[in-house]
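Worksheet for the structure shown next.
Hydrogens, waters and symmetry mates play no part in the numbers below; they use all other heavy atoms, side chains included. For this chain, numbers begin at 1 and follow the sequence in order.
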Amino acid sequence: QGVEGWVADARWRLGSDAWALEMLGLDDTAALEASTGLPAADTLSTTSWLLMQDGQGAWQPMARLSFRDELKPTAQAAVAALSALGVQSWLLSGDRPPVVAHWAQVLGITHAEGGVLPAHKADALARARQGLQPQDKLGMVGDGLNDAPALAQADVAVAMNSGTQAAKEASNMVDLDSNPTKLIEV
């Protein structure tokens, strides 16, 4: 959710909007933006963090950092080709739910969950497995440290070469080109 540290004589926190809201005792990001004057996160920002300084017992938001991911150019074609083969795709992400819903729509994925914490990705795979027939296989593609526990539970796990070492070690295969269309060949 966030980190805390000291720089010179000042205590700082950098963390997710949800964590910052909890620290500040606010209900939603609109209240945060109204009370601090900080701009809202871009609607397609996958991650938005607040930098706060301890102002003698009261945390003062100082800056917002927003990050945005872009789809790989071949992602849409990969999902469409998998769908044509009868593969049902789910999108599970720690990114903000509206962003995940947007990318799922772009990709043609009907089941998408955003704001999924690492431990909950493994739970989502367990839910997906319940709907499978005995001959069906459960696959997962991931690239992050938070994907490793779920990758380890999949029958077929593919890590992107551009991803973390933990994701690669938890997977059966590593896509050396980090090209989603390679999944169709697997």
Side-chain angles (χ1 to χ4, degrees), residues 1-3 14-19 41-49 65-186:
Q1 296 272 3
V3 295
L14 177 64
S16 69
D17 281 359
W19 189 61
D42 176 356
T43 56
L44 290 181
S45 294
T46 54
T47 304
S48 177
W49 295 339
L65 298 113
S66 294
F67 303 92
R68 179 188 260 201
D69 287 334
E70 296 296 328
L71 288 179
K72 291 188 177 293
T74 56
Q76 239 176 332
V79 172
L82 288 168
S83 181
L85 293 171
V87 174
Q88 181 184 17
S89 297
W90 287 24
L91 178 56
L92 306 172
S93 176
D95 293 340
R96 296 179 324 110
V99 175
V100 173
H102 168 78
W103 290 122
Q105 183 179 8
V106 167
L107 292 169
I109 294 174
T110 56
H111 185 97
E113 297 178 28
V116 181
L117 297 174
H120 297 149
K121 283 187 182 181
D123 294 343
L125 259 65
R127 286 194 316 276
R129 190 176 295 282
Q130 290 174 354
L132 296 178
Q133 299 299 315
Q135 72 277 10
D136 292 340
K137 300 295 179 206
L138 180 65
M140 180 170 171
V141 178
D143 64 358
L145 180 64
N146 60 350
D147 293 325
L151 285 164
Q153 288 187 7
D155 298 316
V156 178
V158 181
M160 295 291 128
N161 194 41
S162 58
T164 64
Q165 189 63 33
K168 293 176 197 176
E169 289 178 11
S171 296
N172 306 100
M173 295 173 269
V174 176
D175 179 354
L176 297 177
D177 296 334
S178 296
N179 180 350
T181 56
K182 293 267 178 108
L183 296 174
I184 291 102
E185 298 168 19
V186 176

Sequence neighbours excluded, the answer for salt bridge (Lys or Arg N to Asp or Glu O under 4.0 Å) partners of Asp177 is Lys182
Checklist entry - Is there a side-chain contact between Trp49 and Trp19 (heavy atoms, below 4.5 Å)? => result no
- Message: Less than 4.5 Å apart, side chain to side chain, heavy atoms only: is that true for Lys168 and Asn161?
- Response: yes
When rounded to the nearest 0.5 Å, the distance separating CG of Leu176 from CE of Met160 is 10.5 Å
Side-chain donor-acceptor contacts of residues 133-142 below 3.5 Å, not counting sequence neighbours, with atom names and distances?
| residue | atom | partner | partner atom | Å |
| --- | --- | --- | --- | --- |
| Asp136 | OD2 | Gln133 | N | 2.9 |

Separation between NE2 (His102) and CG (Asp95), nearest 0.5 Å, reads 12.0 Å
Residues pairing under side-chain hydrogen bond (donor to acceptor under 3.5 Å, both in side chains) where one sits in residues 144-155, two or more places apart or in two chains, turn out to be Lys121-Asp147, Arg129-Asp155
Sequence neighbours excluded, the answer for side chain to side chain contact (heavy atoms under 4.5 Å, CB included) partners of Ala167 is Leu151, Ala159, Thr164
The side chain to side chain contact (heavy atoms under 4.5 Å, CB included) partners of Glu70 (sequence neighbours excluded) come to Arg68, Trp103
Between the NE2 atom in His120 and the CZ atom in Arg127, the distance rounded to the nearest 0.5 Å is 9.5 Å
Smallest heavy-atom separation, Ala170 atom then Ala148 atom, equals CB-O, 3.4 Å
Ala150 and Ala122 have their tightest heavy-atom pair at CB-N, 3.9 Å
Which donor-acceptor pairs under 3.5 Å do side chains of residues 76-92 form with protein atoms, sequence neighbours excluded?
| residue | atom | partner | partner atom | Å |
| --- | --- | --- | --- | --- |
| Gln76 | NE2 | Val106 | O | 2.9 |

- Taking the side chain as C-beta and beyond, is there a heavy-atom pair between Val116 and Val100 under 4.5 Å? no
Scanning both residues in full, the closest heavy-atom pair of Ala166 with Leu145 reads CB-CD1, 3.4 Å
